[in-house]
Protein chains: 2
Amino acid sequence: MHNRCMIDARLITLRVFARCGTIGATAELTGYSPSAVSAQLRELQRVLGMQLLTKDGRGVRLTATGRFLVAGSDTLIADWESLRAAAMQAGDQVQSHFGLGGFSTAAAQLLAPLAATLRTTRPLLEVQVLEANPARCFDLLVAERIDLAVIVAMQSDTYAEDDPRFEQTVLLDDPLDVIIPSDHPLASRETVTLQELASEPWITEAAGSTYHSLFTAAFTAAGVTPRIAHEAVEWETQIAFVGAGLGVGLLPRLAPLRGAENVVRLRITGRGKPSRRIVAAVRRGSITSPLIQESLGILQLSANRILTARPEDDL
Amino acid sequence: MHNRCMIDARLITLRVFARCGTIGATAELTGYSPSAVSAQLRELQRVLGMQLLTKDGRGVRLTATGRFLVAGSDTLIADWESLRAAAMQAGDQVQSHFGLGGFSTAAAQLLAPLAATLRTTRPLLEVQVLEANPARCFDLLVAERIDLAVIVAMQSDTYAEDDPRFEQTVLLDDPLDVIIPSDHPLASRETVTLQELASEPWITEAAGSTYHSLFTAAFTAAGVTPRIAHEAVEWETQIAFVGAGLGVGLLPRLAPLRGAENVVRLRITGRGKPSRRIVAAVRRGSITSPLIQESLGILQLSANRILTARPEDDL
DNA sequence: ATCGATCATGCACCTATTGTGCATGGTTAT
DNA sequence: ATAACCATGCACAATAGGTGCATGATCGAT
C-alpha cells in the first residue's frame with residue numbers, strides 16, 4: 001500500500017473500482033493484483049462496517065452505500081489536495097514525486113521536455129511519465145498514479161468539464177494542418193482550404209478512435225464530406241501513407257513531421273479552420289500547488305515554441 | 001496502524017503531537033511506543049516531502065508547515081466524519097466499533113448503562129468505555145481512540161466551545177446537592193440554602209482540580225465565603241468525611257450516595273442554585289451518525305431518570 | 001560542574017499486515 | 001457444451017510497521 005495521499009489507499013481503490021466496474025480492471029489500473037484489490041475492498045467494508053459491494057452476475061457491483069461513499073469522497077480528495085498544495089506553498093517545500101500522463105503526441109512533444117526541464121530545476125524531484133490515452137489519463141489521476149495529465153478536450157467525453165474530481169486548464173488550441181504528397185499540385189502552396197481538398201482521398205484514424213470524431217467534426221464545420229480511403233492508428237503510419245501518395249491527411253501542428261519523405265505540411269485557411277483543444281487536467285484542489293503551476297507554465301511555453309516554429313522550420 | 005478512519009494514521013498522530021508537544025506524550029495517548037511515533041512522523045515527512053518537525057532543545061517542535069497542515073486537517077477530518085455518518089444513514093448500515101469516554105461519574109452513571117443498552121440493541125457492536133478526565137477526553141477524540149465523550153463543561157477549558165474539531169451538545173444541567181451528617185440540625189429538612197450553611201466546615205476537592213473552580217463559583221454566586229476544612233479527591237472519600245462528621249460538602253446529583261452511613265443529601269434552594277453542565281462531545285461531522293444520535297438519546301434518557309429519582313429514592 | 005531526569009532516535013528483532021500466483025467455482029456468451 | 005471471464009480463497013512471500021532497549025543530547029537542580 002503505497003500511500004502518497006493522506007486518504008486511505010483502500011478508499012482510493014474503491015473509487016477506481018467505481019469507474020472500472022470490475023476487480024480485474026481496477027487491479028490493472030492501480031497496479032495491484034486482482035486478489036489484492038478483492039482483499040482491500042473486503043477489508044474496507046469490514047473496517048467501515050458498511051456493505052459496499054454486491055454480487056452481480058459473474059462480477060460485483062457497488063451498493064447504494066458504496067456509490068454514496070464514492071461520490072462523497074470527491075470533496076474529501078479535493079480538500080486534501082488543496083491542503084497539501086497550500087502547505088507546500090506556505091512552507092516553501094519541495095515535492096518528492098511527480099507523475100505525468102499524456103497521449104502520444106503530448107507525451108513526446110510536451111511531457112518529455114517538461115520532465116527534462118524539471119530534472120534540472122528540481123534535481124531532487126522524481127518524475128515519472130506515462131503515455132496513456134485521455135480516458136485512461138483521467139483514470140490514472142483518480143488512481144493517484146499521476147498528478148497531471150495532458151489530454152485533448154473531447155466534447156463527447158465521459159468526463160465532463162465540471163467533474164468534481166478534476167480541474168482543467170486550456171494549454172493551447174492545436175491547429176490541424178494538412179499533409180499532402182510533395183508531388184501534389186497544391187504542394188507549393190503555403191495554405192489551402194478544406195474545400196480545395198474535398199475530392200482527395202483521405203487518410204484518417206479508425207472510426208471510434210480518439211481523433212476520428214475530431215476529423216469528422218473538422219469536415220462538417222467546413223461543409224465538406226471527405227472520402228475516406230485509408231485508416232491508420234499512429235501519426236507515423238499516416239505520414240507514411242501520405243508519403244507513398246495514397247492520399248492526404250490531417251496532422252496536428254504539435255505532431256512533428258520529422259524527416260518524412262515526400263510529405264508537405266500546409267496550413268489550413270478559410271471556413272472551418274480546425275483545431276484540437278489541448279488541456280491539462282489535475283486533481284481538484286491541486287491546481288494551486290507550486291509544482292503544478294510551474295509545470296503548467298513550462299508546458300504552455302514549450303507548446304507556444306513548437307507552434308510558432310512549425311511548419312516553417314519543419315518542412 | 002489501526003485505521004478506523006480513512007485519514008492516514010500518521011496524520012492523526014501528527015495532530016495528536018500538535019496538542020501534546022512531545023513524542024512521549026503522543027505515544028501514551030495514541031497507544032503507540034515512542035519509537036513508533038517517531039518513525040511515523042519521519043515517514044510522514046518523507047512521503048509528503050515536507051519538513052514538519054524541528055529539533056528544539058531536547059524535544060521537537062512543529063514547523064510552520066506542520067502547524068499549517070494540522071490546522072488545515074481539521075476540516076478534512078470533519079468532512080470525513082460527516083461523510084461516514086451520511087453513508088451510514090443512507091445505507092442503513094451498522095457500525096462495528098464504538099469508543100466512549102467520560103469522567104468518573106459520567107463513566108459509571110451514564111456510559112456504563114449506555115454501553116449495556118447498546119449491547120442489547122446492537123449485539124454486533126463492539127463498545128469500549130474509557131474513563132478519563134475532560135481534557136484527556138478531547139485528546140482521545142482527536143486521537144480517534146473514542147468517538148463520543150461525556151464531560152463537564154468548563155468555562156476555563158483549553159478547548160473552546162467552537163473548536164473546529166468538535167461538536168458539543170448539552171446533555172443536562174446536573175444540580176449540586178448538599179450532603180451533611182444525618183445528625184446535623186438541618187438533616188431533617190428537605191431543602192437548604194447555601195447561606196444557611198455559610199458557617200459550616202466544608203469539604204472540597206484539592207485546589208486546581210477539575211471541580212474546585214465549580215465549587216468556588218457556586219459560593220461566589222451565593223455570596224458566601226465557605227471555610228474549607230478538608231480536601232478529598234473522589235466523591236467516595238468526601239462522602240466518608242461527611243459521614244464521619246468532619247463537615248459538609250457539595251455532591252452532584254448524578255453521583256450516587258449508595259449505602260453511605262450517616263449522610264443525608266439535601267437539595268439547594270434560594271439564591272445561587274449551583275449546577276454543573278454536562279455535555280457530550282463528538283468529532284465534528286459525526287454528530288449526524290445514527291449511532292451517535294441514538295447514544296445521545298439514551299444518555300439524555302438515563303440522565304433524566306437518575307435526576308428525577310434522586311434524592312428521594314436514594315436517601 | 002555534576003548528576004539525574006527527560007526526550008528523541010537509532011538499531012535489532014519480531015509480528016502481522018498486505019501483497020502475489022495459482023486454483024477454484026460461478027456466470028455469461030458462442 | 002465449451003470457452004471465456006470474473007471474483008475469491010488459499011498457501012506462501014515480502015515488507016511495512018511495531019516493540020524494547022541503548023544511546024546521545026539537553027535541561028534543571030543541587
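In what follows, every chain begins at residue 1, and chains take the letters A, B, ... in the order their sequences are listed. This is a predicted model, so every value here is computed, not measured.
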Just the rounded figure in Å: distance from C1' of C/dG26 to CD1 of A/Ile23. 15 Å

Would you mind telling me which residue lines up with the more 5' stretch of DNA chain C, A/Val37 or B/Val60, judged by nearest nucleotide? B/Val60

For A/Glu236, check side chain to side chain contact (heavy atoms under 4.5 Å, CB included) against everything at least two apart and list the hits. A/Arg258

Under 4.0 Å between a side-chain N or O of A/Tyr32 and OP1 or OP2 of C/dT20? no

Does anything in residues 95-104 of chain B pair up under salt bridge (Lys or Arg N to Asp or Glu O under 4.0 Å), and if so which pairs, sequence neighbours excluded? none

Without decimals, in angstroms, what is the distance between B/Arg42 CZ and D/dA16 C1'? 13 Å

Sequence neighbours excluded, the answer for salt bridge (Lys or Arg N to Asp or Glu O under 4.0 Å) partners of B/Arg283 is B/Glu81, B/Glu144, B/Asp147

Please enumerate all residues that pass side chain to side chain contact (heavy atoms under 4.5 Å, CB included) together with B/Arg61, with sequence neighbours excluded. B/Thr54, B/Asp56

With sequence neighbours left out, write down each residue that passes side chain to side chain contact (heavy atoms under 4.5 Å, CB included) with B/Thr75, or none if nothing qualifies. none

If you restrict it to nitrogen or oxygen atoms, what contacts under 3.5 Å exist between nucleotides 15-17 of chain C and the protein, and what is each distance?
none

Could you list the residues that satisfy salt bridge (Lys or Arg N to Asp or Glu O under 4.0 Å) with B/Glu294, not counting sequence neighbours? B/Arg122

Only counting residues at least two apart or in another chain, list the ones meeting side chain to side chain donor-acceptor pair (under 3.5 Å) with A/Ser295. none

Rounded interatomic separation in angstrom, taking CZ from A/Arg10 and C1' from C/dG19: 14 Å

Between OG of A/Ser73 and CG of B/Leu83, what distance do you get to the nearest 0.5 Å? 6.5 Å

Measure CD1/B/Ile12 against P/D/dG17 and give the value in whole Å, please. 15 Å

What string of B, S and - do you get for nucleotides 21-30 of chain D, 5' to 3', when a contact is any protein heavy atom under 4.0 Å? B----BB---

Per B/Gln40 side chain, nearest of listed nucleotides D/dG18, D/dA7, C/dC7: D/dG18

Please identify each residue that fulfils side chain to side chain contact (heavy atoms under 4.5 Å, CB included) with B/Ala39, with sequence neighbours left out. B/Arg42

Just grab all the salt bridge (Lys or Arg N to Asp or Glu O under 4.0 Å) pairs involving residues 66-80 of chain B, residues at least two apart or on different chains. B/Arg15-B/Asp74

Expressed as a whole number of angstroms, how long is the span from B/Glu28:CD to C/dC7:P? 12 Å

D/dG17 P sits how many Å from B/Leu44 CG, rounded? 12 Å

So how far off straight is the helix from C/dA1-D/dT30 to C/dT30-D/dA1, going by the axes through five pairs at either end, to 10°? 30°

Would you indicate what A/Thr22 reaches in the nucleic acid, counting non-hydrogen atoms under 4.0 angstrom: base, sugar-phosphate, or nothing? sugar-phosphate

Can we say B/Arg136 and B/Glu28 salt-bridge, meaning some charged N sits less than 4.0 Å from an Asp/Glu carboxylate O? yes

Ranking C/dT9, C/dT20, D/dT8 by distance to the side chain of A/Pro34, first place goes to D/dT8

Would you mind reading off the distance between B/Glu43 atom CD and D/dG18 atom P, rounded to a whole angstrom? 10 Å

For A/Leu41 and D/dA7, give me the distance from atom CG to atom P, rounded to whole Å. 10 Å

Determine whether the side chains of B/Thr63 and B/Gln51 contain a donor N or O and an acceptor N or O closer than 3.5 Å. no

